[in-house]
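Below, chains carry the letters A, B, ... as their sequence lines are ordered, and counting in each starts from 1.
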Amino acid sequence: MIIGKVLGNLHSTIHHPFYGNRKILLVERIEPDGTPLPGYVVAIDQAGAGPGETVLVLDEGNGARQVLEDKDGPVRSVIVGIVDEIATA
Amino acid sequence: MLLGKVIGTVVATQIYEGLEGVPMLWVQPLTKEGREKGAPIVCADGTRMAGPGELIYYEGGREAALLLEPWFVPVDHAIVGIVDGVDVPDWKGGPE
């Protein structure tokens, strides 16, 4: 999984049926201390995340299909948690 | 998924079976701010409605193959959807 910060929402009316009435968020990758990294993902929100929040993103197809309960779902990135704190050794 | 901008179409009449009739679009990958980065790629258009100039989001790998109907034709990138709007403070990538 990866750690990211939600930058905001994407609005889309024309898309694959699987993505109907799902919240789609733009998530930038960050260091544990919050420093932004160049990478990002566009992910389905399954944790009720909003802009500015630090989130846990599951970024692998099989796990994503399991989370979204659809063995044929064309999905890879899913926000599965909202991070309160990251304590690094 | 990642963001891209459709910058053209690719026509290939001689193509691997299963891919006939699948629209192939020329897509410029974008950064999280909407700037162009990296070399353009060819995406199969799962929506069949995206056109040049449009902002799209695409997926790669197995998920790209799952996006097409019938799925599991050999594609490595496919368009998931067309972006109507981006609610992100320092976004510079349109749509115009």
Donor-acceptor check, side chain of [X] to backbone of [Y], threshold 3.5 angstrom: yes or no?
{"X": "Lys32(B)", "Y": "Arg29(A)", "result": "no"}
{"X": "Asp45(B)", "Y": "Met49(B)", "result": "yes"}
{"X": "Glu36(B)", "Y": "Pro29(B)", "result": "no"}

Residues of residues 69-79 of chain A contacting chain B, heavy-atom criterion under 4.5 Å, by residue number: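 Listed by number: Asp72(A), Gly73(A), Pro74(A), Val75(A), Arg76(A), Ser77(A).
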Contact between [X] and [Y] at the side-chain level, heavy atoms closer than 4.5 Å - yes or no?
{"X": "Asp87(B)", "Y": "Pro51(A)", "value": "no"}
{"X": "Thr13(A)", "Y": "His11(A)", "value": "no"}
{"X": "His77(B)", "Y": "Val27(B)", "value": "no"}
{"X": "Ile15(B)", "Y": "Met24(B)", "value": "yes"}
{"X": "Leu37(A)", "Y": "Glu31(A)", "value": "yes"}

Under a 4.5 Å heavy-atom cut-off, does chain B meet the side chain of [X], its backbone, both or neither?
{"X": "Ile24(A)", "value": "side chain"}
{"X": "Ile14(A)", "value": "both"}
{"X": "Pro17(A)", "value": "neither"}

Quick check on the interface: out of Ile79(B), Leu3(B), Thr47(B), who has the most heavy-atom pairs with chain A under 4.5 Å?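 Ranked by heavy-atom pairs under 4.5 Å with chain A, first place is Leu3(B).
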Identify which of Phe18(A), Tyr40(A), Tyr19(A) forms the greatest number of heavy-atom pairs closer than 4.5 Å to chain B.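 Going by pairs under 4.5 Å, I would pick Tyr40(A).
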Can you confirm whether more than 12 heavy atoms, excluding those of Glu20(B), are under 6.0 Å from its CD atom?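 Yes, because the 6.0 Å sphere around CD of Glu20(B) holds more than 12 heavy atoms from other groups.
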Counting heavy atoms not belonging to Lys37(B), are there more than 12 under 6.0 Å from its NZ?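 No - once you tally the heavy atoms of other residues, nucleotides and ligands closer than 6.0 Å, there are 12 at most.
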What are the two closest non-hydrogen atoms of Gly18(B) and Val73(B), and how far apart are they?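 Nearest pair, atom of Gly18(B) first, then Val73(B): O-CG1, 3.4 Å.
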If every non-hydrogen atom of Pro89(B) is compared with every non-hydrogen atom of Leu7(A), which pair is closest and at what distance?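 Pro89(B) and Leu7(A) have their closest heavy atoms at CD-O, 3.6 Å.
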Counting only non-hydrogen atoms closer than 4.5 Å, can you tell me which residues of residues 55-68 of chain B sit against chain A?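 Contacts with chain A: Tyr57(B), Glu59(B), Arg62(B), Glu63(B), Leu66(B), Leu67(B).
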Sort Thr31(B) into side chain, backbone, both or neither according to what part of it lies under 4.5 angstrom from a heavy atom of chain A.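 When you check distances to chain A, only backbone atoms of Thr31(B) fall under 4.5 Å.
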